[in-house]
Amino acid sequence: MNKGTIQLRRLGENDVVGQFDCGDEDLNDFIHTDASLYFKVRLATSYLLEDGETGNVIGYFSLAHDRISLTDFPSNSAYNRFRKQFFAQGKMFKSYPALKICRLATDKKCHGEGIGAMIINMI
């Protein structure tokens, strides 16, 4: 596989993913059966990395909207330290928007080739 030919594509509501096996049955099942449903009901959006020469899916990741909330921290002071480190001073909110990586997997045939690191760098 030539890394220069890898293409990124958003998985749509009616898309079907062909062969893909990362070695984890839950991750395989998600991309084969659940990812399109999650897209349809707006729970998560999945993106496929495809080998541009063969069209094979070599990896995928799914993203969902989330939040970082005051209730996620053991104390108000821990939350305030986090907030001051990552957000501009000003109005204090009880939560901040976030993007969650729900799932990330690479096909077994590509393990050890840096595809997972490539995905993380893209996100």
Is the shortest side-chain heavy-atom distance between Val57 and Asp107 below 4.5 Å? no
Side-chain donor/acceptor of His65 to backbone N/O of Pro97, under 3.5 Å: no
Nearest-0.5 Å distance, NE2 of residue His111 to NZ of residue Lys109: 11.0 Å
Taking atom types as modelled, find out whether Asp51 and Asn56 have a side-chain donor-acceptor pair closer than 3.5 angstrom. no
Could you tell me the separation between the CG atom of Leu99 and the CG atom of Leu63, rounded to the nearest 0.5 Å? 5.0 Å
To the nearest 0.5 Å, what is the distance between CG (Leu70) and CG (Asn80)? 8.0 Å
Count I, L, V, M, F, W, Y as connected when their side-chain heavy atoms are under 4.5 Å apart, and connections chain through other members. Are Leu27 and Ile120 then in the same cluster? no
Quick note, side-chain hydrogen bond (donor to acceptor under 3.5 Å, both in side chains) partners involving residues 92-105, not counting sequence neighbours, are Asp66-Lys100
With sequence neighbours left out, which residue pairs that include part of residues 37-49 fulfil the side-chain hydrogen bond (donor to acceptor under 3.5 Å, both in side chains) condition? Ser46-Ser62
Rounded to the nearest 0.5 Å, how far does OG of Ser36 lie from CD1 of Ile31? 7.5 Å
CG-OG1 distance between Asp21 and Thr106, expressed to the nearest 0.5 angstrom: 10.5 Å
Hydrophobic cluster membership, Ile101 vs Met118, 4.5 Å side-chain cutoff: yes
Kindly compute the distance separating OG1 (Thr5) from CD1 (Ile58), expressed to the nearest 0.5 Å. 7.5 Å
If we only count heavy atoms from C-beta on, is the Phe93 to Phe87 side-chain gap below 4.5 Å? no
Minimum heavy-atom distance Cys110-Ile115, with the two atoms named: CB-CG1, 4.0 Å
Quick one: sort the Phe73 and Tyr79 rings into parallel, tilted or perpendicular, breaks at 30° and 60°. perpendicular
Any donor-acceptor pair under 3.5 Å linking the side chain of Asp72 with the backbone of Ser69? yes
Side chains of Leu8 and Phe61: closer than 4.5 Å at any heavy-atom pair? yes
Which heavy atom in Ile119 sits nearest to a heavy atom in Ala105, and how many Å separate them? CD1-O, 4.3 Å
What residues, two or more places apart in sequence or in another chain, satisfy salt bridge (charged side-chain N to carboxylate O under 4.0 Å, His left out) together with Asp15? Arg9
